[in-house]
Amino acid sequence: MNSQQDIGLKRQAEDTVDNLRSSDESDVSAKKRPSPPITPLSVFNQLYGNPKFNATAEGPPHMLEHTVSFQFSGKEFSSTAPTKKKASQDAAFQALKYVASKNVEGAETENMTLDEISKLLLSKPATEKARVAPVIPELPTDSSSPAGRLYMFDSTLTFNFASSDANDGSRYTCTVTKDGKTFTGRGASKKAAKHDVASQVLQAFYSNFPASEDSNSSDLQLGLNPTLADRISSLVEQKYSDLTKNSTIALRFQVLSGIVLERPNDAFEVITLTTGTKVISGDHLSLLGHAVNDCHAEILARRCLRQFLYMQIEEAIDNGSFSNDILRFDPIKKKFSLQEGCRLHLYINTAPCGDARIFVIQDQGSSAGNDPNPNRKSRGRLRMKIEVGMGTVFSQGRSVQTWDGIKCGERLLTMSCSDKLAACNVLGIQGALLAHFFDPIYLDGITIGTCFSLAHLQRATYGRYEPGLEPLPESYRMNEPSFSQPSRPKGRIPISKATSTSLAWTKGWDFPEYINGETGMLLDKRISKLSKAYLFGKFKSIAMKLSDHVAKKVQDADYYCDAKHLSIDYQNAKVNLEKAFAKLGLGTWIHKPEEQNLFKLGEKGPLPSESNGKSE
Ligand SMILES: [Zn+2]
C-alpha cells in the first residue's frame, strides 16, 4: 500500500469517528424513530457491551450446527442452533437470566420472558448495571485481513511506516499505538508490515486471534530466565541473522527452521538452519539423485542433520577412537549413537503443513491448545503438498505416482511436513541410509513459533497412528517429543510472494547453500550437498571405512535404492507405519516414482565440490 492510500484510509477513519460523534449528539431526535425490536443481544450490548464469542460449526454443509459460547462474569454461556445468529441470541439470553438471578434478590428468572428480564435489569441503578466490567467488542470477522479487522475494531488508529534495516527479509516497519502500548510490525512490503502489526494488536486484545504472523516487537526482551523454547527460538533466529549478515541474496522466506543440539553441560548449539516453503516441480525430478525434492524448511533441516551426522562419523573415524564429543560407537551393536545427554530439538517458526496446521488455521475462533472437534473424520489424515501450489490435499483415492505420468504433466505430490515428522517419530530422523550406522535417532523436543496447538501437534506427529501400529523392530519405538512455544513467538513473515530460494546450513559449513526449491538445484545450478547423490556419496565412503562393521552387501550396494532397501529394520518399521495409517482409514502414503532412486554414483554430472558450500 502506498502512502497516498494510507492517508486516504486515515481520513476515512477520521470521517467515521466524526459520523459516530454526530450520531451521539443527535440522540434526542433519534428517539422519535421507531425503535428496533429488542433481542437478548441488544439488551446485553446495551448493558455490558458486545460479548466475545467463540463459534464453531459441525455437520454436513447443508445442515451445519453452530455452537456459540462466551465467557461472562466468570461463567461460560453456550448454545447450539442451526444458525450462528440464533445460537448467539440464545447464549446471550442465558447470560441475561443468570445476571438477573444474581443481581436481583429473589428473582425467579428461568421462566421469565426477555421483556421481563430486560425490565428487571434495566430498572437497576446504573452502578448495578455496570457491575461487570465492560467487555471489548466481538472480534470483527467481516474482513479476512488482520488490517481490515483491526480497522473495524478501532477505526481511529494511525499506522506509521518506516524502512527497516533488520536483516530478516523485512523492508518496512509499521507501528501503531493503542491504549498507550506501541506495537511494531515488520514485512517485505508496507502492506505486509501493516498486516503484521494488525495481527499483534488483535492478538493482544483477543486471546483467540491466531498468532499466525510475526509478533516480534523490539521493545520486549527475553526475561532473565528464558524458557527452553525461548532459548531455542532465539538461538535459531540469531544464527539466521549471523548467516545472512553479509549476504546479497534476497531471501523473502516465510518458514524458518533449525535443529538445536543440547549437550549435558547445559550448552545449546544450532547445528542446522533452513528456510523455505517450496517443493520441486515434476519436470525437475532427477534420475541421478541430483535434485533436492522438498525444500520446506523443516524437511531441509532433516537433510542438514543427516549431513551433520555424516560429518560427525567422519570425524569420529579420523580420530581413531570412533568417538568424539557428540558420537560414540558401540562395538557390539556395531552402531554409533549420540553421546549420553545429547538431545535434539527441532524449531519451526510455524506449525508444520498438513494435519498439525490446517485446523489451527480453520479454528480461528476456538481456543488455542484444544481441538473443539477431536472426533471429526477430517482429523489425522495424510495430506500432500502439491507442486506449484499452496496448502495440502488429502491423499484419498491416489496411490502410485508414475515417472511418465509426472513427466507428462501430472502434478507431483509430496507428503506434508506433518506426515514426514510423524514418520520421524517412528523411523528416527536419520533416514534409511544412516540407519545402517545408527539406531534410530529421535527428536527430544519440537518448538513451534505460531499456529501452536498442542492437541493438533500431538495428534499429527504421533497420536493419530498409535492405535494402528504393530510391534516395531528392536530399537524402534513410537517417540513422543515434548512440544513448546516461545513466549514471544515469531511466526511466518507475512509476505505476498515467498521466494523460491531456500537457505540451508549445517554446522561445519563455512557458508549456507541457496537452493532453488522449484528445481532442487543450487542457484548457480550446482548440486546441493543435501541431494541424495551427495549424501549417498558420503554413505559409500563411510561404509568402506567401516568395512569391519558393515555387512559386505551394504558396502557393495552400488544403487541408492539397494542401499536403502538393505536397511531392513528401517524398511519394516516404515511398512508398519504406512499400514497403520491405512488400517485406521487415514489415507495412503504416496511415494514418488521409484525411478528417481535407481541411480548409482558417478553416472553423469559433477558432484559438488568439497569447498564447504561456498555457493554465494
Ligand atoms: Zn511443510
Side-chain angles (χ1 to χ4, degrees), residues 210 212-214 236 240 251-259 272-282 291-306 346-362 380-395 411-425 427 429 431 443 446-453 456-462 464 481 483 489-495 497-504 515-518 520 530 581 586-587 589-592:
S212 60
E213 314 302 348
D214 185 12
V236 171
Y240 175 80
L251 201 65
R252 296 190 305 150
F253 72 88
Q254 288 180 319
V255 179
L256 171 71
S257 179
I259 294 175
T272 80
L273 196 288
T274 47
T275 69
T277 44
K278 299 283 180 215
V279 286
I280 193 167
S281 66
V292 178
N293 290 342
D294 189 338
C295 281
H296 279 222
E298 56 273 58
I299 304 307
L300 282 180
R302 202 169 69 157
R303 296 196 80 76
C304 284
L305 181 81
R306 293 171 190 173
L346 172 69
Y347 169 81
I348 322 168
N349 67 343
T350 186
C353 62
D355 193 47
R357 180 178 170 81
I358 183 165
F359 306 108
V360 191
I361 297 170
Q362 270 173 22
R381 291 172 161 195
L382 292 170
R383 306 185 68 87
M384 292 163 311
K385 314 173 224 194
I386 322 167
E387 157 187 3
V388 210
M390 297 282 283
T392 53
V393 292
F394 179 39
S395 70
R411 284 173 108 184
L412 182 69
L413 299 169
T414 303
M415 296 309 292
S416 72
C417 295
S418 291
D419 300 334
K420 289 185 174 183
L421 286 179
C424 286
N425 280 329
L427 308 176
I429 194 169
L443 289 168
I446 301 180
T447 299
I448 303 283
T450 55
C451 267
F452 182 96
S453 161
H456 291 301
L457 283 165
Q458 286 176 332
R459 180 198 60 243
T461 55
Y462 59 84
R464 54 180 161 155
F483 292 98
K490 290 179 105 180
R492 280 170 88 101
I493 296 197
I495 47 180
K497 190 175 186 318
T499 171
S500 52
T501 304
S502 272
L503 172 147
I515 308 170
N516 178 338
E518 283 162 11
L530 303 176
F581 276 113
L586 298 174
W589 194 283
I590 306 291
H591 297 274
K592 294 212 169 57

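Every number for a ligand or one of its atoms is a count from 1 in the order of the listing.
Across every non-hydrogen atom of Cys295 and Ser502, the tightest pair is O-OG, 3.2 Å. Heavy-atom minimum distance, Ser257 versus Ala301: OG-CB, 3.7 Å.
Remark: of the listed residues Asp294, Thr392, Thr277, Asp294 is the sole one forming a side chain to side chain donor-acceptor pair (under 3.5 Å) with Lys385. Partner of Met384 under the side chain to side chain contact (heavy atoms under 4.5 Å, CB included) criterion, chosen from Val279, Asp419, Leu413: Leu413.
For Asp355, the side-chain hydrogen bond (donor to acceptor under 3.5 Å, both in side chains) partners at least two apart in sequence or on another chain are Arg459.
Put simply, the side chain of Ser418 gets close to the backbone of Pro352: a donor and an acceptor are under 3.5 Å apart.
Within the protein, the number of N/O/S atoms found under 2.8 Å from the Zn ion (ligand 1) is 3.
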